[in-house]
Amino acid sequence: MTDRKLRIAIAGIAIESSTFCLHRTTLEEFHVVRGKELLDRYDFLRRPDVPEHAWARDVEWVPLVHAAAMPGGPVLPDAYDTLEAETLERLGAAGPLDGVFLDIHGAMTVQGRRDAEARLTREVRAVVGPDVLLSASMDLHGNVSRELATTVDLITCYRMAPHEDAWESRARAARNLVSRLRAGGRPKKAWVQVPVLLPGERTSTRVDPAKSIYARVPQVEAQAGVLDAAVWVGYVWADEPRNRAAVVVSGDDEEALLAGARELARSYWDARADFGLAAPSAPLAECVRAALASPQRPFYISDSGDNPTAGGAGDASYALRELLADEDLAASGASVIYASIADADSARAAAAAGVGATVSLSVGGKIDTASAPPAELTGTVTAVVPDDPRGGVLAVVAAGAISVIITERRRPFHDEVDFTRLGLDPRHGADVVVVKIGYLQPELFEMSAGWMLALTPGGVDQDLLRLGHHDLDGPVYPFQPLMDPPALEAELIP
């Protein structure tokens, strides 16, 4: 036990990488922060006088480097190596440390390599030695291999999907680290993988069975001798042996840890066939027919196969081509917003032409060439934003009643302001809003009167069996739906 001032470093490399996406993530796509900018990411450090942040005060927090990129394709090796080298160099120069807080995602794939987070934590451990405690905060769509669970001392993840508790989870990981350093002693962990691999759209904690399973997590954590409990869904759009659900329960009481891990793992396995999509789903054409027939306005449709915040390329043109060619949609007079398609050349060309100009563009289908060829778009430029911080040049081209948002860089459209700054009203000014997303983020969910999830092709295709996984370690549901029941025996990792 110690009451002296602790020294804890903060670092991380975070991205979700689809191995089925033709996009490749470069170093330039990472947002990198250091120093005060890194510390200011965290509410418990930015607002130290708030009573609930008292645990963080008597600590010297040492910012190293944090790099985060929007989900996409695998990270190029030189990009990862550059970020890892800086992390380790700064770590080595940081001086004596008591702990390291690793703010990671858990589903990063580096092209040509496996288990990127295990490698990162292994290299961090090699620099700091065996006595410094490592605590990792992760997305629940990350993956926890045995090596990762062994290398870190504390590991936890979000408990909500959508991830409304992301910052709360990061604070929990840091708070658990401080608590353990104050109390002394390395915690034990009960770890078990569950051979189930499902997309987030089937495991939203808004609905059962995930809602009930995740409600049990804090109950397990509250048991005597337990410090933390976590359930990972895993990341379905990457093809590595580690990819599957996992449970880790941390603390000191071995029996409680093992029992808690077994209970959570068993509940997940038993519910495997009950996980359904978070919204009614159908092929895109059927979703459009349903939207036109429905009195609900606005009616949202998820272009789920190319969701850039799940790892899609953002330029898959399949859905846009279908909408532009839909004669029934055109005849209906329904107003449609399509958000969005990434195409740097087209966005710049529309912006250069200017508002009011008529343009003819071949849009999308240049990175994700597998889903469909580019969409031929002719229409009037109705809005231009030249310097969006996330998307670069943004332009809206109206082709009949369809307003198509074109972005220079991949960019999500999750908030009402994303649309209104382009002169579009997704709440009152559109009959149908098509968004490259899976389950709707909170503000879109609140705005939508009706919603369906379109089963479109792309790097994050919801049709899992057509993706072509071949490198998973052993049978995994739903790829082998009739597999023998697993033992689900938790392993105690000291």
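Since the structure is predicted, the reported quantities are computational estimates derived from the model, not experimental observations.
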Spacing of CG belonging to Asp208 relative to NZ belonging to Lys211, to within rounding of 0.5 Å | 6.5 Å
Take the angle between the ring planes of Tyr42 and Phe44 and call it parallel below 30°, perpendicular above 60°, tilted in between.
-> tilted
Hey, could you give me each pair passing salt bridge (Lys or Arg N to Asp or Glu O under 4.0 Å) that has a residue in residues 235-246? Not counting sequence neighbours.
-> Asp115-Arg242, Glu117-Arg242, Glu240-Arg242
Does the pair Thr456 and Ser304 meet the rule for a side chain to side chain contact (heavy atoms under 4.5 Å, CB included), with working shown?
-> CA-CA 6 Å; Thr456 52; Ser304 65; 4.2 Å; yes
Does the separation of the ring centres of Tyr158 and His141 fall below 6.0 angstrom?
-> no
Closest non-hydrogen contact found for Tyr338 with Ala319 is OH-CB, 3.9 Å
Could you tell me whether a side-chain N or O of Asp461 sits under 3.5 Å from a main-chain N or O of Asp463, the two making a donor and an acceptor?
-> yes
Arg172 (side chain) donor-acceptor with Cys157 (main chain) under 3.5 angstrom = yes
Using the side chain to side chain contact (heavy atoms under 4.5 Å, CB included) rule, take Val236 and Leu467 through it: C-alpha gap first, then chi angles, then the decisive distance, then the call.
-> CA-CA 10 Å; Val236 72; Leu467 284 168; 5.5 Å; no
Counting only heavy atoms not in Glu446, do more than 12 fall under 6.0 Å of its CD?
-> yes
Hey, does the side chain of Ser137 reach the backbone of Ala173 with a donor-acceptor pair shorter than 3.5 angstrom?
-> no
Side-chain donor or acceptor of Asp471 paired with backbone N/O of Pro241 under 3.5 Å | no
Does Arg321 make a cation-pi contact with Tyr318, if we ask for NZ or CZ under 6.0 Å from the ring centre and within 45° of the axis?
-> no
Nearest heavy-atom pair of Ser294 and Gln296: which atoms, and what distance?
-> OG-N, 3.0 Å
Asp103 bridged to Arg170 by N-O distance under 4.0 Å | yes
Quick one: pull up CG in Asp343 and CG in Leu361 and give me the separation to the nearest 0.5 Å.
-> 8.0 Å
What's the verdict on side chain to side chain contact (heavy atoms under 4.5 Å, CB included) for Leu329 and Ile402, showing C-alpha distance, side-chain angles and the deciding distance?
-> CA-CA 10 Å; Leu329 178 60; Ile402 304 176; 4.2 Å; yes
Short question: side chain of Trp237, backbone of Glu16 - any donor-acceptor pair under 3.5 Å?
-> no
Salt-bridge test for Glu28 and Arg409: reply yes if a basic N is under 4.0 Å from a carboxylate O, no otherwise.
-> no
Would you say the side chain of Leu140 lies within less than 4.5 Å of the side chain of Val231, judging by non-hydrogen atoms?
-> no
Given side chains that start at C-beta, do those of Leu27 and Leu83 come closer than 4.5 Å, heavy atoms only?
-> yes
How long is the span from the CG atom in Leu154 to the CG atom in Leu102, to the nearest 0.5 Å?
-> 11.0 Å
Kindly determine whether Asp418 and Arg411 satisfy salt bridge (Lys or Arg N to Asp or Glu O under 4.0 Å), including the steps that lead there.
-> CA-CA 10 Å; Asp418 296 335; Arg411 185 200 196 282; 3.3 Å; yes
Check Ala282 against Cys287 and note the closest heavy-atom contact, atom names and distance.
-> O-SG, 3.4 Å
For the atom pair CG (Leu377) and OG (Ser317), what is the distance rounded to the nearest 0.5 Å?
-> 11.5 Å
When you check the gap from the basic side-chain N to the acidic O, do Arg46 and Asp40 get nearer than 4.0 Å?
-> no
Mark yes or no for whether Ser169, through its side chain, and Asp165, through its backbone, hold a donor-acceptor pair below 3.5 Å.
-> yes
Evaluate the side-chain proximity of Arg206 to Pro162: yes if any heavy-atom separation is below 4.5 Å, no if none is.
-> yes
Heavy-atom pair with the smallest gap, counting every atom of Ala395 and Ala347 | CB-O, 4.2 Å
Quick one: sort the His469 and Phe479 rings into parallel, tilted or perpendicular, breaks at 30° and 60°.
-> tilted
Is the backbone of Ala316 close enough, under 3.5 Å, to the side chain of Asp306 for a donor and an acceptor to pair up by distance?
-> yes
Do Pro77 and Gln111 come within less than 4.5 Å of each other through their side chains, counting heavy atoms only?
-> yes
Between atom CH2 of Trp191 and atom CG of Leu148, what is the distance when rounded to the nearest 0.5 Å?
-> 10.0 Å
Exercise: identify the closest heavy-atom pair between Gly12 and Ile104 = CA-CG2, 4.2 Å
Heavy atoms from other residues, nucleotides or ligands near CZ of Phe445 exceed 12 (cutoff 6.0 Å) = no
Is the Phe275 ring parallel, tilted or perpendicular to the Tyr268 ring (thresholds 30°, 60°)?
-> tilted
Min side-chain heavy-atom separation Asp43-His53 under 4.5 Å | yes
Counting distance only, does the side-chain N/O of Arg410 pair as donor-acceptor with the main-chain N or O of Gly312 below 3.5 Å?
-> yes
Ala161 backbone acceptor or donor facing Thr205 side chain under 3.5 Å | yes
Side chain to side chain contact (heavy atoms under 4.5 Å, CB included) between Thr25 and Ser17, intermediate numbers included | CA-CA 8 Å; Thr25 302; Ser17 308; 5.5 Å; no
So do the side chains of His105 and Ile15 get within less than 4.5 Å of each other, counting heavy atoms only?
-> no
For Glu443 and Glu416, indicate whether the former's side chain and the latter's backbone hold a donor-acceptor pair under 3.5 Å.
-> yes
For the pair Arg159 and Asp228, find out whether any cationic side-chain nitrogen is under 4.0 Å from an anionic carboxylate oxygen.
-> yes
Determine, for Asp388 against Arg421, whether the closest basic-nitrogen to carboxylate-oxygen distance falls under 4.0 angstrom.
-> yes
Are side-chain heavy atoms of Thr309 and His414 found at a separation under 4.5 Å?
-> yes
Looking at Ala310 and Tyr235, what are the two nearest heavy atoms and their distance?
-> O-OH, 2.5 Å
Should Asp315 and Lys366 be marked as a salt bridge (Lys or Arg N to Asp or Glu O under 4.0 Å) after you check the CA-CA gap, both sets of side-chain angles, and the distance that decides it?
-> CA-CA 7 Å; Asp315 88 323; Lys366 294 159 188 172; over 6 Å; no
Going by heavy atoms in the side chains, are His66 and Ile10 under 4.5 Å from each other?
-> no
Distance col, row Ser448:OG vs Arg427:CZ, nearest 0.5 angstrom, shows 10.0 Å
